2 protein chains.
Amino acid sequence: MDKKIFSTFLKERGQRLTKERTAILRRTLSLRGHFDPESLYVKIRATGLKASRASVYRTLNLMCECGLIEKVTKTEHGTIYEHTLGQSHHDHMLCISCGHIIEFFSETIEKLQEGICKKQGFDGVNHTLEIRGYCRKCRKKKK
Amino acid sequence: MDKKIFSTFLKERGQRLTKERTAILRRTLSLRGHFDPESLYVKIRATGLKASRASVYRTLNLMCECGLIEKVTKTEHGTIYEHTLGQSHHDHMLCISCGHIIEFFSETIEKLQEGICKKQGFDGVNHTLEIRGYCRKCRKKKK
DNA sequence: ATAAATGCAAATCGTTTGCAACGGA
DNA sequence: TCCGTTGCAAACGATTTGCATTTAT
């Protein structure tokens, strides 16, 4: 399904679905939640598949362009991505102790945002709401 | 006022308020809204004051540690800071066309977030809500 | 055969750091 | 004098890019 989207996207632009790109796409889709380029690269290597870091970066950019994935946030360790397909919009809680990410969604918050944009004459394309703090586990550990 | 806070903070740690740090502090405080290290550096230089890039980065980190400023977001062009003092918490709209930043605040959204955290057993320390899109001006330009 | 994609290594960009020279306390 | 601080340049880490080589169509 997603593979179809990607290959169509590439074909339209006269680009090719090589085995490296396929490997990267497959591995990316197999991931559940959020991921970053380096760990994706390591995982691909661990599987015995070959694809350079350069190709990983290049392919992730392509996947972003065609809307399969998107950048969630930038941390000191790099960019974090997530899948967009089959995923409705949501926001994130990020544990600053263990890096755990919790997704959530609030229809009310969405509506409020729309209202605020309208008031400002702002044409909102997308948004990110990130709450940083300590997850349940790390809270317990702390005390 | 802010200068007092900074010098006290430094003294407590056995550190010194040098003229470079003073220059950086002053220039930073003179800025209204958001800023990034490089443009701050350029502005300082333009004023004829001397302070190296290294010192700018080092001093901004100190100012973060003592809570005078904080990191708002990371863009492809670097980290964006803002003042914390005398500024109540607020969120941002970021125009992806001209970079213009609009601040806003919604008590309701804040409350909703608290509720969501509680539900997840998450101890929220801080959060950022960033709406990206086109500001009024750029909207008009587009069509 | 042609044009695109690869891997590598070098190049970037923002930021940090090691170090010798400098300067307040 | 004693340490903290500075500026510079080198070091960094994430990402991009130039280029010669490989590969899909």
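Numbered from 1 within each chain, the chains take letters A, B, ... in sequence-line order. Being a predicted model, the structure only gives us computed values, none of them experimental.
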Next item on the list: Take the protein atom NZ of B/Lys74 and the nucleotide atom P of C/dC13, then report the distance between them rounded to whole Å.
Entry: 17 Å
Note to self: Please report whether the ring centroid of B/Phe105 lies less than 6.0 Å from that of B/His92.
What the structure shows: no
Checklist line | Length of the CD1-P vector between B/Ile80 and C/dG14, whole Å | finding: 12 Å
Next item on the list: Taking atom P in both C/dG14 and C/dA10, compute the distance separating them and give it to the nearest angstrom.
Entry: 22 Å
Notebook entry, point to check: Is a side-chain donor or acceptor of A/Arg139 paired with a backbone partner of B/Gly121 at a separation under 3.5 angstrom?
Noted result: yes
Notebook entry, point to check: Going by number, which of residues 36-55 of chain B have a non-hydrogen atom under 4.0 Å from DNA chain C?
Noted result: B/Pro37, B/Ala54
Notebook entry, point to check: Where do A/Thr79 and A/Pro37 come nearest, in terms of heavy atoms and distance?
Noted result: O-CD, 3.3 Å
Notebook entry, point to check: In whole angstrom, what separates B/Leu60's CG from C/dG14's P?
Noted result: 15 Å
Notebook entry, point to check: Between B/Glu107 and B/Lys111, is there a side-chain N and carboxylate O pair less than 4.0 Å apart?
Noted result: yes
Next item on the list: Starting at atom CZ of A/Phe9, determine the distance to atom C1' of C/dA4, rounded to an integer number of angstrom.
Entry: 15 Å
Margin query: From CG of A/Leu10 over to C1' of C/dT6, roughly how many Å is that when rounded to an integer?
Written below: 15 Å
Check: How many Å lie between CD on B/Glu65 and P on C/dT16, as a whole number?
Finding: 11 Å
Check: Which part of the nucleic acid does A/Arg58 contact within heavy-atom distance under 4.0 Å: base, sugar-phosphate only, or nothing?
Finding: base
Notebook entry, point to check: Out of B/His77, B/Arg53, B/Lys43, which residue meets the side-chain contact (heavy atoms from CB on, under 4.5 Å) rule with B/Glu38?
Noted result: B/Arg53
Check: In whole angstroms, how far is the P atom of D/dT25 from the CZ atom of A/Arg21?
Finding: 11 Å
Note to self: Using a 6.0 Å cut-off, check whether atom CZ of A/Arg45 has over 12 heavy atoms from anything other than its own residue.
What the structure shows: yes
Next item on the list: Would you please confirm or rule out a distance under 4.0 Å between OP1 or OP2 of C/dT15 and any side-chain N or O of B/Tyr57?
Entry: yes
Margin query: Rounded to the nearest 0.5 Å, what separates atom OG1 in A/Thr128 from atom NE2 in B/His127?
Written below: 12.0 Å
Next item on the list: Go through C/dT6, D/dT6, C/dT15 for me and flag the one nearest to the A/Thr18 side chain.
Entry: C/dT6
Check: At under 4.0 Å between heavy atoms, what does B/Lys19 touch on the DNA or RNA strands: base, sugar-phosphate, or nothing?
Finding: sugar-phosphate
Notebook entry, point to check: Please give, in whole Å, the distance from C/dA5 P to A/Asn61 CG?
Noted result: 14 Å
Next item on the list: From the options D/dT5, C/dT15, C/dA5, select the nucleotide whose nearest atom is closest to the side chain of B/Gln15.
Entry: D/dT5
Margin query: Of the listed nucleotides (D/dT6, D/dA14, C/dG14), which one gets closest to any side-chain atom of B/Glu20?
Written below: D/dT6
